[in-house]
Amino acid sequence: MARTRRQGNTYFVTLADELLAVAVGLAQAAGDMALAGRKAGLHNVQTKSTATDMVTEFDRASEKLIVEGMRERRPLDAIVGEEGASIAGTSGITWYIDPIDGTTNFLYDLPAWAVSIGAEDSDGPLAGVVYIPALGEMFSATRGGGAFLNGSPIRSNSISDVSQALVCTGFSYSAEQRTIQAQRVSKFIHQIRDIRRAGAAAIDLCFVACGRIDAYFEENLHQWDIAAGILIAHEAGCRSGDFAGNAPRPAEILTTAPAIFDQLSGLIMAASAKTE
């Protein structure tokens, strides 16, 4: 899956291409293993932060497979994984791994779950993949190299009127926070086309990137949720930031078709404002 670059009559593979090839191979291996395991049946389902924050034996097995593969192929890189991987590195590259993004979907045998692997350097996201095993879809991107779905280039929609926008969001594992977030959405749902809730941040970002939805926003995420997806969205022409339009961060992420970012930001901020 690594793409060669041309300089004069010479073709070469960049560091980003090398990282992408590693991520693609490991994401596919881990995702296919988890998909086969899900079809065979789950035997160890537990909870983490709340009673609705689930983890299965395949979340852990997927992360183990990826981390071991990373250590073999890129032994000097740092690794951070959702299920506890925390390995220091000296290369300047840090991998962020979400071994199964959308574990609740995975638990219920819904197809919207993915393996997300992103590599970052001191300048930010460098390479990323989001693999959706149940759909057989591999989203990928390198910084400055474009975004792809199964090897074909993708672009975000060109929508310019937020009233026609199909917007996706996510909700917290905290019941109290979900209530607040639902109230926010209720304040502007009549000003957009409609709302969707897929249940996996990495997939939501990729779906904005390829035009299946027009925008996605969520809060209280982690770097492993967005490291790959935000690069894919950026390379597909999307605009990202926090709800107010500042730099994107896991605490607040808004990614849209570029022409509607300011409009949707305004709706979210107005709906978030506290009234006396």
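As the structure is a prediction and not an experimental result, all values here were calculated from the model.
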Do [X] and [Y] pair up side chain to side chain, a donor and an acceptor below 3.5 Å, judged on atom types alone?
X    : Y    : answer
S116 : D101 : no
S272 : R184 : yes
Q223 : E120 : yes
S91  : D77  : yes
Q181 : E219 : yes

Run the salt bridge (charged side-chain N to carboxylate O under 4.0 Å, His left out) test against [X] and tell me which residues pass, sequence neighbours left out.
X    : answer
D194 : R196
R38  : none
D32  : none
D262 : R239

Quick check: does any side chain N or O of [X] sit under 3.5 Å from a backbone N or O of [Y], one acting as donor and the other as acceptor?
X    : Y    : value
R143 : A16  : no
D59  : S62  : no
S152 : F148 : no
R155 : C238 : no
N105 : A198 : yes
E63  : P99  : no

All pairs passing ring pair (Phe, Tyr, Trp, His ring centres under 6.0 Å) where [range] contributes a residue, at least two apart:
range            : answer
residues 229-253 : F217-F243
residues 60-103  : none
residues 101-132 : F106-W113

For this session: Please list, chain by chain and in numerical order, all residues satisfying side chain to side chain donor-acceptor pair (under 3.5 Å) with S160, sequence neighbours excluded.
Result: none
Problem set entry | T255: partners by side chain to side chain donor-acceptor pair (under 3.5 Å), with sequence neighbours left out | S240
When rounded to the nearest 0.5 angstrom, what is the spacing between [atom1] in [X] and [atom2] in [Y]?
X    : Y    : atom1 : atom2 : result
N157 : Q164 : CG    : CD    : 12.0 Å
I213 : T169 : CD1   : OG1   : 10.0 Å
I230 : D225 : CD1   : CG    : 11.5 Å

Can you find a pair of side-chain heavy atoms, one from [X] and one from [Y], that are under 4.5 Å apart?
X    : Y    : answer
Q191 : V162 : no
V115 : V130 : no
I117 : L26  : yes
T142 : L126 : no

Exercise. Do NZ/NE/NH1/NH2 and the carboxylate oxygens of D214 and R193 come within less than 4.0 Å?
Worked result: no
Problem set entry | Which residues share a side chain to side chain contact (heavy atoms under 4.5 Å, CB included) with A236, sequence neighbours left out | A147, I154, A209
Problem set entry | Residue list, side chain to side chain contact (heavy atoms under 4.5 Å, CB included) with A244, at least two apart or on another chain | D242, N246, M269
For this session: Determine which pairs satisfy side-chain hydrogen bond (donor to acceptor under 3.5 Å, both in side chains) with at least one residue from residues 203-212, sequence neighbours left out, and list them in order.
Result: E137-R212
Exercise. Under the side chain to side chain contact (heavy atoms under 4.5 Å, CB included) criterion, do I87 and V67 qualify, and how do the steps go?
Worked result: CA-CA 9 Å; I87 299 171; V67 170; 3.8 Å; yes
Problem set entry | Check against side chain to side chain contact (heavy atoms under 4.5 Å, CB included), F139 and C210 | CA-CA 9 Å; F139 291 86; C210 71; 4.0 Å; yes
